Amino acid sequence: MQKWYEDKRCEEGPVIGGQVCLVRNIAGYPFSEKMEPDQKKNLREEVENAVCAEEAGTGSQFHLIELSDEKDDCCNALIGTQTVPPLMFSRTAGAALLVTDDESVSILINGQEHLCIQVSIAGNRIQEALAKANRIDDLLNRHLTYAYSSRYGYLTASPLYTGTGMSASYLIHLHYLERAQLIAKYQKEYSQFGFTLHGCFRGKNAAPGRVYRLKNRRTLGLSENEVISSLEQLASQLEAQEEKSFRLGGDEEKEYEIDQIYRAYGVLRYARDLDYEETLVYLSYLRAGQLHGILKEETQAPVTAMMFGIHDAVLEKRISRGETMKDSVRRAQYLRDVLPQIDPA
Amino acid sequence: MMLCDDCHQNEAIFTFVEISGGVKRELNLCRECAAKRRGFGPTFMSITDTSFFSSLLAGMLGISDNDSQQDGEDEEDLRKTNVVCPSCGMTYDEFLKHGTFGCPDCYRTFHFLLDGYLKKMHGSSTHCGKSPLYGGESVVIPFTTEDDQQEEAAADDGRSIAITVDESSSEEELRAALRRAVAREEYEEAARIRDMIRALKRS
């Protein structure tokens with residue numbers, strides 16, 4: 001089953017995709033931290049029944065993952081592929097995840113909040129993600145009464161989500177903007193509008209692979225549409241600046257850049273042992289090269305899919321760990337399998 | 001994702017930048033560590049008055065700053081610290097320590113301190129987004145202060161009353177909800193209500 005991040009639309013521009021997360025709590029229960037195990041069990045049953053009843057209406061088929069039973073690898077894979085927001089994640093008894101096969105819709109039950117509905121979508125289409133998330137939210141609402149007040153909106157354990165309970169973000173690859181050292185400037189500017197710009201993948205560096213998440217911080221005092229509209233404007237500004245940063249620089253710099261891109265391809269194609277963050281650096285060059293026509297268009301490598309696929313835990317699912325194979329060796333093998341032959345221009 | 005410089009576990013939500021003597025220092029903290037570090041110790045020396053930062057942070061986190069308290073405020077705070085949520089037993093201190101509420105009723109129990117707290121966090125303390133299609137308000141929180149009443153009066157009328165609609169609503173209720181949704185530019189919801197009106201007319 002093709003994952004949402006394997007969709008071709010993830011490769012069309014700096015914007016990889018969008019995610020909308022709606023946080024809800026069910027009335028009649030305390031918030032997650034204060035819940036007894038049997039309360040968690042009851043809440044979970046209610047949610048599962050609601051999803052079952054409305055599955056047809058959502059247009060998606062869900063399968064269940066028991067987070068408390070799952071091994072570390074599976075949980076890390078879910079976080080690594082951005083299927084579950086890390087801040088919402090929990091592995092306490094009763095925590096479960098309902099997820100579609102393409103991982104575009106996930107419903108986290110008994111995480112840090114009762115319910116977290118996340119919709120991921122490829123490309124520059126956050127409005128569609130919001131519409132889908134709202135639809136699922138309304139369908140579940142038929143069976144579940146949400147904790148809500150007209151004054152403060154949807155009530156959540158953490159006041160960071162009170163109000164709309166909506167966390168909307170765009171995943172953007174800002175290869176040239178980071179090269180131009182302009183990220184800090186936009187981080188500062190956007191924080192004044194209530195948006196954060198931080199690295200998407202976890203690692204020692206601030207933003208491995210130069211992939212950033214542009215996310216709203218404000219959930220109270222703004223409507224969902226206002227937030228989405230601002231998000232779209234800021235993302236579009238970042239795309240324009242990314243393009244501008246690419247065009248800056250003289251011929252010598254451009255030649256250096258082309259060399260770096262082909263070197264990156266060479267290492268990915270032939271190396272036998274690759275570290276996670278190191279690979280993301282090369283993939284960043286590859287993606288930038290593809291996007292700006294430096295590499296031939298006919299041989300489109302699914303770079304975004306690779307960025308998600310090289311995570312240790314995701315590889316474990318793909319190629320089981322043999323006794324003697326290191327993670328880094330396995331990663332290199334995966335890349336050799338997936339990377340197409342690119343003829344030099 | 002920026003991690004807290006103290007605990008290296010939680011996501012940092014506060015960034016303190018200090019520029020003194022031409023040297024810039026940055027400190028990223030999560031909510032819990034920021035609450036612990038109300039002053040700035042030897043690792044982050046500042047030539048400015050540390051009590052300014054302490055009270056600024058205290059204000060943002062809702063912790064009372066002992067240095068600036070008046071007698072009247074002392075009593076007020078004592079009253080606040082004695083408040084306990086009847087539904088889940090959460091106390092004011094517990095809330096400040098964890099930064100999270102125990103149950104939806106906590107919003108009603110602690111609403112006297114929420115306006116300021118939420119305003120600092122989000123720039124506003126009044127919800128103006130989506131409301132649930134079914135179920136309506138589960139926790140009623142009174143608008144008690146004069147400011148709130150003025151805000152209420154000045155705001156769009158449709159927003160102050162949470163009218164929820166479902167299949168059993170009358171046509172008038174549906175039309176009112178439709179007008180409200182259009183005014184709020186919630187066209188997805190408006191389309192849904194329009195379909196409900198059509199279904200009602202057909203039956």
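A note on names: the letters A, B, ... follow the listed sequences, proteins ahead of strands, and every chain is numbered from 1. It should be emphasised that the depicted structure is a prediction, and the values quoted were computed from it without experimental measurement.
The distance from the CE atom of B:Met2 to the OG1 atom of A:Thr196 is 9.5 Å, given to the nearest 0.5 Å. In this structure, OG1 in B:Thr100 is found 12.0 Å from OH in A:Tyr161, a value given to the nearest 0.5 Å. Put simply, OH on A:Tyr152 and NE2 on B:His111 are 6.5 Å apart, with the number rounded to the nearest 0.5 Å. Here the NZ-CG distance, from B:Lys119 to A:Leu220, works out to 10.0 Å after rounding to the nearest 0.5 Å. The line from CG of A:Asn25 to CZ of B:Phe101 is 12.0 Å long, rounded to the nearest 0.5 Å. Here B:Tyr134 contributes atom OH and A:Leu140 contributes atom CG; the two are 11.0 Å apart, rounded to the nearest 0.5 Å.
Chosen from A:Leu197, A:Val227, A:Leu144, A:Leu155, the residue pairing most often with chain B at heavy-atom distances under 4.5 Å is A:Leu155. When the candidates A:Ser158, A:Gly153, A:Gly165 are compared by the number of heavy-atom contacts under 4.5 Å with chain B, A:Gly153 comes out ahead. The residue among A:Asn225, A:Leu222, A:Asp138 with the most heavy atom pairs within less than 4.5 Å of chain B is A:Asp138. With respect to chain B, the highest number of heavy-atom pairs below 4.5 Å among A:Ser32, A:Ser223, A:Pro159 belongs to A:Pro159. The greatest number of non-hydrogen atom pairs below 4.5 Å with chain B, out of A:Thr145, A:Leu87, A:Asn134, is found for A:Asn134. Contacts with chain B were tallied for A:Ala157, A:Pro86, A:Pro30, A:Gly163; A:Ala157 has the most, counting heavy-atom pairs under 4.5 Å.
The shortest distance between side-chain heavy atoms of B:His122 and A:Thr164 does not fall below 4.5 Å. Looking only at side-chain heavy atoms (C-beta outward), B:Pro104 and A:Phe31 come within less than 4.5 Å of each other. A:Glu226 is not listed as a side-chain neighbour of B:Glu185, based on a closest heavy-atom distance of 4.5 Å or more.
Annotation for A:Ala27 and B:Ser138: closest pair CB-CB, 3.7 Å, computed over non-hydrogen atoms. When all heavy atoms of B:Pro132 and A:Tyr154 are compared, the pair lying nearest together is N-OH, 3.2 Å. The two residues A:Arg218 and B:Ser124 come nearest to each other via the heavy atoms NH2-CB, 3.8 Å.
At a 4.5 Å heavy-atom cutoff, B:Arg108 makes no contact with chain A through either its backbone or its side chain. Proximity to chain B (any heavy atom under 4.5 Å) is shown, for A:Leu160, by both the backbone and the side chain. For A:Arg202, the part lying under 4.5 angstrom from a heavy atom of chain B is the side chain only. When heavy atoms are compared at a cutoff of 4.5 Å, A:Tyr212 does not approach chain B at all. Of the atoms belonging to A:Arg24, it is side-chain heavy atoms, and not backbone ones, that fall under 4.5 Å from chain B. Contacts of B:Glu94 with chain A are made by side-chain atoms alone, with heavy-atom separations under 4.5 Å and no backbone atom involved. Of the atoms belonging to B:Val139, heavy atoms from both backbone and side chain fall under 4.5 Å from chain A.
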(request) Under the side chain to side chain contact (heavy atoms under 4.5 Å, CB included) rule, what do A:Tyr148 and B:His127 come out as? Steps first, then yes or no, please. (result) CA-CA 10 Å; A:Tyr148 174 85; B:His127 177 61; 3.6 Å; yes
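Exactly one residue among B:Lys130, B:Arg184, B:Glu188 makes a side chain to side chain contact (heavy atoms under 4.5 Å, CB included) with A:Glu224. That residue is B:Lys130.
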